[in-house]
S.K.: 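I am attaching a structure below and will ask some questions about it afterwards.
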Amino acid sequence: MPVILAIESSCDETSAAVCADGNILSNFIANQTVHEKYGGVVPELASRAHMQHIIPVVDAALKQANCEIKDIDAIAFTQSPGLIGSLLVGGQFAKSLALALNKPLIAVHHMQAHVLANLIDDPKPSFPFLCLTVSGGHTQIVLCESPTNMKVIGETIDDAAGEAFDKSAKLLGLPYPGGPLIDKYAKEGNPERFKFPEPNIPDLNFSFSGLKTSILYFLQNAGKSNLYKEEFAATEEEKKEFIQNNLADICASIQHRIITILLNKLKRASLETGIVDICLAGGVSANSGLRKAFEEMGRKYHWNTFIPAFQYCTDNAGMIAITGYYKYLEGLFADLSVSSTARAEW
Ligand code: KG4
Ligand code: ZN
């Protein structure tokens with residue numbers, strides 16, 4: 001019954017979790033508020049905040065799990081991908097701990113961990129399953145054959161879905177991260193009111209940059225058109241007034257298009273692979289419209305659908321712990337010379 005301590009520090013959340021025999025006993029997350037006024041994550045500030053948070057966060061996770069450091073059998077950490085300065089803080093901490101305790105070290109791929117967050121709670125998907133991972137940095141469809149064998153079968157060729165939400169929100173003058181605010185306003189709006197284009201991308205890949213451009217022109221034209229034409233251009237005043245008077249419908253229409261782009265590809269992936277156990281993962285799976293549309297599509301196509309609990313959707317060490325657990329069972333340990341990398345192969 002291995003007890004695993006896991007550490008996640010790939011972006012702007014410092015998190016630690018303890019997992020015993022595949023059960024998550026604690027999942028402690030410290031958010032960083034220092035980035036708010038910059039409208040995005042500032043890497044240097046993120047690394048410094050991880051340095052401040054890491055020891056109290058690990059202590060809190062152990063305490064919450066009613067565990068002492070001597071009870072730990074292995075240490076798992078996010079090796080990649082992410083912000084290199086942030087990854088190094090968690091990585092060095094994990095390596096030092098493994099060395100001091102003389103326990104095995106497990107290096108975890110952050111995106112694989114997002115997928116395996118679906119194995120934390122019951123009911124769990126059966127293998128093979130598909131997972132649509134949607135976050136601020138990634139949009140992927142992953143075919144998962146086993147906890148340690150998965151491959152990306154579709155991904156974005158430009159912006160991620162979370163970026164599409166956040167950049168649209170920024171164009172509307174909403175604060176960062178704007179995804180949750182679009183979700184909130186969309187609840188009151190009409191998703192059919194404004195039409196935004198669906199990109200014509202072959203295979204299972206995604207693109208969101210065209211949508212972003214069409215929203216930019218749409219707002220610059222105060223809703224008269226999605227196309228760039230000088231005669232449509234509105235004044236700043238007209239643009240602001242248009243946004244103010246139509247915010248809910250604009251948010252609902254943008255959200256609707258992002259969701260249809262995502263789910264149409266997921267449907268195609270299911271048809272092409274014949275797989276009907278289908279999961280969501282990543283921070284954008286907190287979006288209420290996406291969750292609802294995903295469940296509806298699941299009912300229509302007789303899928304078994306799975307969405308992790310909210311605390312395991314956004315960046316968290318619980319998902320690193322469960323991935324670490326499966327790697328432990330297969331003896332997939334890392335050497336102390338392992339290094340963190342900003343990008344990673346699957
Ligand atoms: O997975 P995550 O916590 O962090 C990484 O990017 O790794 O995802 C964060 C993203 C942000 O873009 C945020 O705006 C988006 O998830 N997000 C949402 C919602 N909650 C978080 N987007 C739309 N609706 C939401 N309710
Ligand atoms: Zn993430």
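FYI, side chains are in, hydrogens and waters are out, and symmetry mates aren't considered; it's all heavy atoms of this structure. Count residues from 1 along the sequence. Start at 1 and go down the list; that is how both ligands and their atoms are numbered.
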S.K.: Please examine the side chains of F306 and P123, heavy atoms only from C-beta on, and report whether any two atoms are closer than 4.5 Å.
M.R.: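 Answer yes - side chains close enough.
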S.K.: Do you know which two heavy atoms are closest between G318 and A17, and how far apart they sit?
M.R.: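 For G318 and A17, the tightest heavy-atom pair comes out as N-CB, 3.5 Å.
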S.K.: Tell me yes or no: between the side chains of S288 and R291, is some donor less than 3.5 Å from an acceptor?
M.R.: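 No, because no side-chain N or O of S288 sits under 3.5 Å from a partner of the opposite role on R291.
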S.K.: Mind checking whether P180 has a heavy atom under 4.0 Å from ligand 1?
M.R.: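 In this structure, P180 qualifies as a contact of ligand 1 - some heavy atom is under 4.0 Å.
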S.K.: Counting non-hydrogen protein atoms only, what is the nearest one to atom 22 (N) of ligand 1? Give residue, atom name and distance.
M.R.: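 It is G179 CA, 3.5 Å.
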S.K.: List ligand 1 atoms under 4.0 Å from G162, heavy atoms only on the residue side.
M.R.: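 Contacts of ligand 1 toward G162, numbered from 1: 12 (O).
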S.K.: How close do D183 and G289 get, counting heavy atoms only, and between which atoms?
M.R.: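 For D183 versus G289, the nearest heavy atoms are OD1-N, 4.2 Å.
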S.K.: May I ask you to list the atoms of ligand 1 that are less than 4.0 angstrom from any heavy atom of D183?
M.R.: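 This gives 24 (N), 25 (C), 26 (N) as the contact atoms.
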S.K.: What is the closest protein heavy atom to atom 15 (C) of ligand 1, and at what distance does it sit?
M.R.: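 Atom 15 (C) of ligand 1 sits closest to the protein heavy atom V284 CG2, 3.8 Å.
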S.K.: Regarding D158 and S207, is there a side-chain donor-to-acceptor distance under 3.5 Å anywhere?
M.R.: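 Checked: D158/S207 side chains pair up, N/O donor to acceptor below 3.5 Å.
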S.K.: Using a 3.5 Å cut-off on N or O atoms only, is D315 in polar contact with ligand 1?
M.R.: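 Yes; the residue has a nitrogen or oxygen that sits under 3.5 Å from a nitrogen or oxygen of the ligand.
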S.K.: For the 3.5 Å polar cut-off, considering only N or O atoms, please tell me whether T314 and ligand 1 meet it.
M.R.: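 No; every N/O pair is 3.5 Å or more apart.
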S.K.: Would you check if the distance from the ring center of F127 to the ring center of F129 is below 6.0 Å?
M.R.: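 Between F127 and F129, the centre distance is under 6.0 Å.
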S.K.: Of all the heavy-atom pairs spanning T314 and G283, show the shortest one and how long it is.
M.R.: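 Heavy-atom minimum between the residues: CG2-CA, 4.0 Å.
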S.K.: One pair to check against side chain to side chain donor-acceptor pair (under 3.5 Å): N304 and D277. What are the steps and the verdict?
M.R.: CA-CA 5 Å; N304 304 312; D277 274 35; 2.6 Å; yes
S.K.: Please indicate whether any nitrogen or oxygen in G283 is less than 3.5 Å from any nitrogen or oxygen in ligand 1.
M.R.: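 Yes, since at least one N or O of G283 sits under 3.5 Å from an N or O of ligand 1.
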S.K.: Taking N or O atoms only and a 3.5 Å limit, does D166 qualify as a polar contact for ligand 1?
M.R.: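 Among all N and O atoms of D166, at least one is under 3.5 Å from an N or O of ligand 1.
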S.K.: What atoms of ligand 1 come closer than 4.0 angstrom to any heavy atom of G137?
M.R.: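 It comes down to these atoms of ligand 1: 6 (O).
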S.K.: A286 heavy atoms, cut-off 4.0 Å: which ligand 1 atoms fall inside?
M.R.: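 Those of ligand 1 that fall under 4.0 Å from A286 are 20 (N), 26 (N).
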S.K.: List the closest protein heavy-atom neighbour of atom 24 (N) of ligand 1: residue, atom name, distance to the nearest 0.1 Å.
M.R.: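 Here the closest protein heavy atom is N287 ND2, 2.9 Å.
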S.K.: Give a yes or no on whether a salt bridge exists between E296 and K300, defined as a side-chain N under 4.0 angstrom from a carboxylate O.
M.R.: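 Here E296 does not pair with K300 in a salt bridge, since their nearest N and O are not under 4.0 Å apart.
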S.K.: Taking the side chain as everything from C-beta on, heavy atoms only, tell me whether V152 gets closer than 4.5 Å to M111.
M.R.: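 No; the side chains remain at least 4.5 Å from each other.
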S.K.: Tell me how many protein N, O or S atoms are within a distance shorter than 2.8 Å of the Zn ion (ligand 2).
M.R.: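 With waters ignored, the protein N/O/S count below 2.8 Å is 3.
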S.K.: Compute the shortest N/O to N/O distance between S288 and ligand 1 and return yes if it is under 3.5 Å, no if not.
M.R.: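 So ligand 1 has no N or O lying under 3.5 Å from an N or O of S288.
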S.K.: With a 4.5 Å cut-off on side-chain heavy atoms, are F77 and F93 touching?
M.R.: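 They are not in side-chain contact.
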S.K.: Ring-plane angle category for F294 and W303, please: parallel below 30°, perpendicular beyond 60°, tilted otherwise.
M.R.: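 Rings of F294 and W303: tilted, 30 to 60°.
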S.K.: Please say whether G136 places an N or O atom under 3.5 Å from an N or O atom belonging to ligand 1.
M.R.: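 Yes; the residue has a nitrogen or oxygen that sits under 3.5 Å from a nitrogen or oxygen of the ligand.
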S.K.: I need the atoms of ligand 1 closer than 4.0 Å to a non-hydrogen atom of P177, numbered in the order shown.
M.R.: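 Ligand 1 atoms under the 4.0 Å threshold to P177: 14 (O).
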S.K.: Indicate yes or no: at least one non-hydrogen side-chain atom of H138 is less than 4.5 angstrom from one of T133.
M.R.: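 Contact flag for H138/T133 side chains = no.
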